[in-house]
Novice: 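Just passing along the structure, written as structure tokens.
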Amino acid sequence: MANLKMIERSIPGANRGARFATVQYAEDIKGTLYRIIVYFMKEKGLVISMLGVVMVGTLCGVWAPSLQSHAIDVIAGSRNGHLMKLISLMLAAYLIYSVSQLLQGMISARLSQRIVKRLRKELFDKIMDLPIQYLDVHSSGDIMSRMTNDIENISTTVSTSLPSMVSGIMTIIGTVVIMFWYCPKLAFLSWATVILTILAMKILSKQVRKYSRKRQQILGELNGTVEEIITGYRTVVAYNHQGISIKEFCDTADSLTKAGIRTDIFSGIMGPIMNCISNIGFVIIAVFGGYFATKGIISVGVISAFIVYAKQFSRPVNEIAQIYGQLQTAIAGAERVFAVMDEEKEDQSGDTLPEVQTAQVEFQHVKFSYQAGNPVLQDFSMTIPAEKKIAVVGLTGSGKTTVVNLLMRFYDIDSGTIRINGKDIAKISRESLRKEIAIVLQDTVLFSDTIRNNLLYGNAQATEEQLKHAVAMSRCEELIRMMPDGYDTFLTNGGANISQGQRQLLTIARAFVADPKILIFDEATSNVDTRTEKAIQDAMHQVMKNRTGIIIAHRLSTIRDADMIVVMDHGNIVENGTHQELIQRRGKYYELYQTQYAGFAT
């Protein structure tokens with residue numbers, strides 16, 4: 001794997017969970033090209049077939065002008081030969097050349113799709129293995145742009161630009177060889193234009209690459225903006241933020257337009273410049289070819305062949321110049337794709353958590369910070385007995401959700417230990433750990449699939465009896481009975497066709513179907529009304545029986561019957577006890593309770 005030198009570009013909102021994150025790019029073009037070639041090597045059969053077809057077509061394309069030269073000389077009487085035979089061979093050569101072009105397009109299309117399929121699969125597999133913190137600091141729109149736009153650019157290049165480049169290089173080589181074979185002097189004079197071509201390409205290609213990379217970066221930002229606005233459209237409308245959102249979009253779109261115009265300008269002027277240089281080559285051939293013909297050095301047929309060969313030489317050069325911008329865009333896209341692939345995977349090593357009926361959780365002197373020097377938890381210790389229900393409360397930013405993130409190993413602690421039944425979870429594989437934990441989040445996540453498949457998401461092997469039992473315990477029976485197709489009702493747009501409370505009840509049922517030893521509710525009732533909250537509370541109580549439970553809550557009404565309530569403030573436990581004990585102490589919990597229920601009896 002090539003060593004990639006990375007550039008970091010600071011993008012607004014690069015803080016944790018913000019819209020855009022710092023985007024990284026590779027500067028090593030050779031390394032990127034080498035990695036792309038590796039994908040071609042995995043499709044050797046198609047690559048060899050394409051090269052074979054290109055070679056046959058190139059040979060016929062180079063041979064045909066030679067036959068034309070011979071035929072002209074026969075007509076002029078300066079050479080002996082069978083004119084009809086030469087014409088027949090010319091027709092055959094051009095026919096084979098045309099068929100080879102057709103086959104080349106078909107093979108390159110198949111090669112393109114197979115390479116892109118492999119690349120897209122590997123990128124998706126890598127995204128599935130990325131740690132949570134990577135997704136917390138990178139825009140989902142930018143990641144989607146790499147999966148779609150960047151890979152599509154690679155696909156277009158492989159299917160169209162690359163075959164033209166391979167064919168062009170072979171044509172140039174074949175043309176140069178035969179031109180030198182016919183008349184070295186005229187060939188050398190014709191090649192004077194090559195120097196101009198190389199200089200023009202060197203100057204323009206630098207600008208093309210610069211702006212194509214910038215265009216891909218801004219495109220990722222634009223996708224991030226659109227994805228965020230569409231996701232939070234209700235909030236945008238509610239705060240009359242449409243005008244500002246449009247301005248932000250237009251500003252980013254203007255930057256993309258400018259970068260795109262500059263890329264297209266530098267890519268587009270390559271063709272006219274190459275045409276101008278090739279026309280200079282035609283003038284050189286006409287002048288010096290006529291002079292050499294009068295001196296008897298070459299025949300008229302050779303002059304005609306040289307004009308065709310000069311055109312054959314300039315055509316692929318012009319094509320390469322035209323597609324150079326596409327190649328640069330594809331390389332820029334490949335850099336962005338490989339940048340994600342080079343990220344560290346989430347470590348899945350570790351032991352398997354022993355099979356147990358109950359689970360005791362212990363936090364011992366845990367310290368953790370998302371950013372160095374800014375600790376969130378400081379010397380945090382807490383024990384959650386097996387089959388007990390613990391509630392964690394506190395002001396926003398006190399570290400409640402961080403406790404859950406660390407228990408799930410979404411993040412690893414800086415120091416201390418977290419144990420389940422005495423076993424350090426740092427030594428347990430994440431897969432094994434998460435099989436024993438189910439979590440119900442504040443933001444319900446259901447997938448565009450049937451209710452049945454959503455419920456089986458955490459335990460595909462669950463029986464029909466287990467499924468129905470989970471539905472009954474979660475108070476979802478009536479909901480599913482009202483659905484037109486029952487369990488087979490398709491949920492559109494992640495459950496947009498049912499209410500927020502119904503979605504939350506289904507996520508609770510899904511957690512129950514997973515049959516975890518540890519069940520976590522993270523603000524599970526914060527988005528619903530009081531009546532629905534009561535239904536969810538009843539479902540939570542049923543589901544958490546005989547399980548170790550952790551409830552993160554702002555609404556203190558949902559945790560009054562918890563076995564123990566832990567009050568957090570600035571990453572530390574300041575109080576713990578039952579609801580009545582904490583009320584009687586009149587401490588931090590009492591203040592929180594009075595804030596919510598001032599005037600209500602306690």
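Residues: numbered from 1 along the sequence shown.
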Novice: Would you give the length of the straight line joining atom CD1 of I520 to atom CD1 of I550, rounded to the nearest 0.5 angstrom?
Specialist: 4.5 Å
Novice: What are the two closest heavy atoms between K400 and G394, and how far apart are they?
Specialist: NZ-O, 3.2 Å
Novice: Taking R510 for its side chain and V440 for its backbone only, find out whether a donor-acceptor pair lies under 3.5 Å.
Specialist: no
Novice: Taking only residues two or more places apart in sequence, or in another chain, which ones meet D449 in a salt bridge (charged side-chain N to carboxylate O under 4.0 Å, His left out)?
Specialist: none
Novice: With a 4.5 Å cut-off on side-chain heavy atoms, are R35 and D342 touching?
Specialist: yes
Novice: Once side-chain contact (heavy atoms from CB on, under 4.5 Å) is applied, do any residues pair with D515, and if so which ones, sequence neighbours excluded?
Specialist: R547
Novice: Under the rule for salt bridge (charged side-chain N to carboxylate O under 4.0 Å, His left out), what residues qualify as partners of E43, not counting sequence neighbours?
Specialist: R114, R118
Novice: Before giving the answer on side-chain contact (heavy atoms from CB on, under 4.5 Å), spell out for D412 and D347 the whole-Å C-alpha distance, their side-chain angles and the decisive distance to 0.1 Å.
Specialist: CA-CA 11 Å; D412 284 327; D347 183 11; over 6 Å; no
Novice: Please tell me if the side chains of K588 and V393 come closer than 4.5 Å, counting only heavy atoms from C-beta onward.
Specialist: no
Novice: Between V366 and V403, is there a side-chain heavy-atom distance shorter than 4.5 Å?
Specialist: no
Novice: Apply the test side-chain contact (heavy atoms from CB on, under 4.5 Å) to residues L119 and L123: give CA-CA distance (whole Å), side-chain angles for both, the deciding distance (0.1 Å), then the verdict.
Specialist: CA-CA 6 Å; L119 191 61; L123 177 59; 5.8 Å; no
Novice: Do D485 and F490 have side-chain heavy atoms sitting under 4.5 Å apart?
Specialist: no
Novice: If only atom types and distance count, is the side chain of S432 paired as donor or acceptor with the main-chain N or O of L353 below 3.5 Å?
Specialist: yes
Novice: Is the side chain of N459 donor-acceptor paired with the backbone N or O of V513 at a distance under 3.5 Å, no angle test?
Specialist: yes
Novice: Using a cut-off of 6.0 Å, state whether more than 12 heavy atoms not belonging to F124 lie near its atom CZ.
Specialist: no
Novice: Measure from the side-chain N and O atoms of T548 to the backbone N and O of E387, and report whether any donor-acceptor pair falls under 3.5 Å.
Specialist: yes
Novice: Would a distance-only check, ignoring hydrogens and angles, find a side-chain to backbone donor-acceptor pair under 3.5 Å from R430 to R409?
Specialist: yes
Novice: As an exercise, state the distance from CG of N149 to CZ of R146, rounded to the nearest 0.5 Å.
Specialist: 11.5 Å
Novice: Among all residues two or more places apart in sequence or in another chain, which pass the ring-ring contact (aromatic ring centres under 6.0 Å, His included) test with F363?
Specialist: F380
Novice: Would you say that L407 contacts I437 through its side chain, given a criterion of any heavy-atom pair below 4.5 Å between the two side chains?
Specialist: yes
Novice: Give me the atom names and distance for the closest heavy-atom approach of D563 to T578.
Specialist: O-CG2, 3.7 Å
Novice: Only counting residues at least two apart or in another chain, list the ones meeting side-chain hydrogen bond (donor to acceptor under 3.5 Å, both in side chains) with E122.
Specialist: Y39
Novice: Is atom CE of M144 surrounded by more than 12 heavy atoms (other residues, nucleotides or ligands) closer than 6.0 Å?
Specialist: no
Novice: Donor-acceptor pairs under 3.5 angstrom involving side-chain atoms of residues 126-133: please list them, not counting sequence neighbours.
Specialist:
{"residue": "K126", "atom": "NZ", "partner": "M341", "partner atom": "O", "Å": "2.3"}
{"residue": "K126", "atom": "NZ", "partner": "E343", "partner atom": "O", "Å": "2.4"}

Novice: So, D414 side chain and S369 main chain: donor-acceptor pair closer than 3.5 Å or not?
Specialist: yes
Novice: From I428 CD1 over to I418 CD1, what is the distance, rounded to the nearest 0.5 angstrom?
Specialist: 10.5 Å
Novice: Quick one: do the T507 and Q504 side chains pair a donor with an acceptor below 3.5 Å?
Specialist: yes
Novice: Counting only heavy atoms not in K42, do more than 12 sit closer than 6.0 Å to its NZ atom?
Specialist: yes
Novice: For F368, enumerate each residue passing the ring-ring contact (aromatic ring centres under 6.0 Å, His included) test, keeping only those at least two apart in sequence or located in another chain.
Specialist: Y370, Y411
Novice: To the nearest 0.5 Å, tell me how far Q360 CD sits from T383 OG1.
Specialist: 6.0 Å
Novice: Does a salt bridge link R585 with E575, judged by any charged N lying under 4.0 Å from a carboxylate O?
Specialist: no
Novice: Is any side-chain heavy atom of Y593 less than 4.5 Å from a side-chain heavy atom of I583?
Specialist: yes
Novice: CD1/I480 to SG/C476 distance, rounded to the nearest 0.5 angstrom?
Specialist: 5.5 Å
Novice: List for me each residue that meets salt bridge (charged side-chain N to carboxylate O under 4.0 Å, His left out) alongside D351, sequence neighbours excluded, and say none if there are none.
Specialist: K423
Novice: State, to 0.1 Å, how close L519 and A511 come at their nearest heavy-atom pair, and which atoms those are.
Specialist: CD1-CB, 3.7 Å
Novice: With T148, which residues qualify under side-chain contact (heavy atoms from CB on, under 4.5 Å), at least two apart?
Specialist: none
Novice: Would you call L491 and R503 a side-chain contact if the rule is heavy atoms closer than 4.5 Å?
Specialist: no
Novice: Could I get the full list of salt bridge (charged side-chain N to carboxylate O under 4.0 Å, His left out) partners for D488, not counting sequence neighbours?
Specialist: R452
Novice: How long is the straight-line distance from CD1 of I143 back to OH of Y134, given to the nearest 0.5 Å?
Specialist: 5.0 Å
Novice: Got a sec, which pairs hit ring pair (Phe, Tyr, Trp, His ring centres under 6.0 Å) with one end in residues 457-477, sequence neighbours left out?
Specialist: F447-Y457, H469-F512
Novice: Does atom CD (E465) have a neighbourhood of more than 12 heavy atoms from anything else shown, all under 6.0 Å?
Specialist: no
Novice: Between G399 and V376, which heavy-atom pair has the shortest distance, and what is it?
Specialist: CA-CG1, 4.1 Å
Novice: Looking at residues at least two apart in the chain, or sitting in another chain, which of them share a side-chain hydrogen bond (donor to acceptor under 3.5 Å, both in side chains) with T489?
Specialist: none
Novice: Please report the shortest heavy-atom distance between P516 and E436, naming the atom on each side.
Specialist: CB-O, 3.6 Å
Novice: Would you name the heavy atoms of D424 and R419 that are closest together and state the gap between them?
Specialist: N-NH1, 3.9 Å
Novice: Determine whether K468 and E464 satisfy the following criterion, side-chain contact (heavy atoms from CB on, under 4.5 Å), listing intermediate values before the conclusion.
Specialist: CA-CA 6 Å; K468 291 183 177 180; E464 190 72 15; 3.5 Å; yes
Novice: Could you give me the CA-CA distance, side-chain angles and deciding distance for V361 and I518, then say whether side-chain contact (heavy atoms from CB on, under 4.5 Å) is met?
Specialist: CA-CA 9 Å; V361 180; I518 301 172; 3.6 Å; yes
